[in-house]
Structures are given as structure tokens and as C-alpha cells.
Amino acid sequence: MKTEEKLALIKDVLDEMKAEDLVTIDAANRTILADAFVVATATSDTHARAIGDRMHLALKAKGVRVDHAEMDAG
């Protein structure tokens, strides 16, 4: 799956889960660690965990291995 497709899927899940303040940072020419970073706000710890769980399932269903994710409402 290409980067653009992953970003579209991630944005769809965040929108579906009512995440707020979505920001995508293009990092392709700045670091070898990632092509992009996606940052969004959750309304609570429970909301953050639910978003993370849904994101993991959506990516896994598409065959994408999640290397690292941070979910913190605080």
C-alpha cells in the first residue's frame, strides 16, 4: 500500500472516530523514519484508545504492519 493510500485510510478512520484538530506533516524529505506524521486530538483517554484500536484493525485488514503509534489524550 502506497503512502497516499495509507494516509487516506488513516484520515478516514480519524474522521469516522470524530478525532479533532487533524494535522498531517510531510516528513519524506526530512527523515528516514517516516514519510509522514499524522497528529489528531482525542477527547479523552478512552476516546484515544478507541481510535488506536480502530486504526490498528483498519490497517491490519489492509495488510499494513503498524510499527509505532502513540495514543494519549493528555
Side-chain angles (χ1 to χ4, degrees):
M1 180 178 267
K2 294 183 180 184
T3 300
E4 296 82 22
E5 295 170 310
K6 289 179 196 175
L7 286 172
L9 177 60
I10 289 166
K11 288 176 183 180
D12 287 346
V13 170
L14 290 170
D15 185 51
E16 173 187 314
M17 296 295 296
K18 308 283 191 247
E20 302 172 351
D21 306 322
L22 176 65
V23 176
T24 303
I25 302 166
D26 182 4
N29 296 320
R30 297 181 180 160
T31 179
I32 60 171
L33 299 176
D35 291 332
F37 292 95
V38 180
V39 181
T41 301
T43 58
S44 67
D45 287 336
T46 303
H47 188 214
R49 282 190 299 276
I51 291 170
D53 291 345
R54 175 69 181 93
M55 188 70 66
H56 182 79
L57 290 173
L59 291 168
K60 185 177 177 181
K62 295 290 185 177
V64 177
R65 190 177 116 240
V66 178
D67 292 326
H68 186 78
E70 290 288 330
M71 288 144 306
D72 183 13

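Following chains of ILVMFWY side-chain contacts shorter than 4.5 Å, one cannot reach V66 starting from F37, and the two form parts of different hydrophobic clusters. Linking Ile, Leu, Val, Met, Phe, Trp and Tyr residues whenever their side-chain heavy atoms come within less than 4.5 Å leaves V13 and V39 in two separate clusters.
Minimum interatomic distance between L9 and A58 (heavy atoms only, all atoms of both residues): CD2-O, 3.8 Å.
Of the possible donor and acceptor atoms, none in the side chain of T31 sits under 3.5 Å from a partner among the backbone N and O of A34.
Residues I10 and M55 form a side-chain contact, since some pair of their non-hydrogen atoms from C-beta on lies under 4.5 Å apart.
In this structure, A8 has no side-chain contact (heavy atoms from CB on, under 4.5 Å) partners at least two apart in sequence or on a different chain.
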Throw together a table of side-chain donor-acceptor distances under 3.5 angstrom for residues 16-28, partners on residues two or more places apart or in other chains.
from	atom 1	to	atom 2	distance (Å)
E16	OE2	R54	NE	3.0
D21	OD2	T41	OG1	3.1
D26	OD1	A28	N	3.1

